[in-house]
Amino acid sequence: MGQRSRGRRRVVPADRRQAQRPFLLGIGIGHPESVTAYRQPYASMVDYLDQLDAAGVPPDRRILAALGPRALHLAAERTLGTHPYLTVPDHTRAARQMLGPGAVIAPEHKVVLDTDPDRARASSRAFVSDPYLKLSNYTSNLRRYGYTDADIDDGGSDRLIDALVLHGSPGSIAAGLRSHLDAGADHVAIQVLTSNGNDPIPAYRQLARVLL
């Protein structure tokens, strides 16, 4: 779910057969830079969760892309937990400390399977710098965890890029992903980045061999 510039969002009843399958609805609030009319994000999310309640969507079948403390608490109170994007293990650790053991925390993390640092950072920076480092929801959250304007500006510092996109061998990437688990995550969603539109499936297979 994202902010829309016009009209009202509707909750559409799911097909009965689909409702019987394992399904988790991920909900995000969107970004002020991407819409022409942006309501207060917290109030918009509460309103949408009320609509889901009225439509009979169980709290344990929905999860929020929550970043900040207020949204994280809302995620724990009214959904299964949080599935945040573009975060670091320090965010995972803070979320677990805030939410306790009951909420699901399932961060996303990007990876580049390449042992050449310069080449890996070039691929990472091309993906992350635009649009993500131009979106205030993400940059505000990164500042909470010690990253500065100098890290965020000009496409992102090496320090920031290395934190947001793990690179190296399958083993070194696996160790970095496990930092989220050590910080309290229940699950880590891996997004493989490739250059020139290459198929990411071979990289997923290599990572699976060391992660599973």
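In this structure, R178 and V210 approach most closely via the heavy-atom pair NH2-O, 2.9 Å. Residue V192 comes nearest to P200 through the heavy atom pair CG1-CB, 3.9 Å, listed as atom of the first residue, atom of the second, then distance. Of all the heavy atoms in S195 and S123, the pair that sits closest is CB-OG, 3.8 Å.
Considering only heavy atoms from C-beta on, L164 stays 4.5 Å or farther from K110 through its side chain. Looking only at side-chain heavy atoms (C-beta outward), V104 and H187 stay at 4.5 Å or farther from each other. Considering only heavy atoms from C-beta on, I190 comes within 4.5 Å of L207 through its side chain. A 4.5 Å side-chain heavy-atom check between L177 and L211 finds at least one atom pair inside the cut-off. Between L52 and T79 there is no side-chain heavy-atom pair separated by less than 4.5 Å.
Of the residues L64, I105, D60, D186, the one that meets the side-chain contact (heavy atoms from CB on, under 4.5 Å) test with L80 is D60.
With sequence neighbours left out, R78 forms a salt bridge (Lys or Arg N to Asp or Glu O under 4.0 Å) with D50, D53.
Between the side chains of S169 and S172, at least one donor N or O lies within less than 3.5 Å of an accepting N or O. Residues D47 and S44 bring no donor and acceptor atom of their side chains to less than 3.5 Å of each other.
Between Y138 and Y132, the ring planes lie perpendicular to each other; the angle is over 60°, past the 30° to 60° tilted range.
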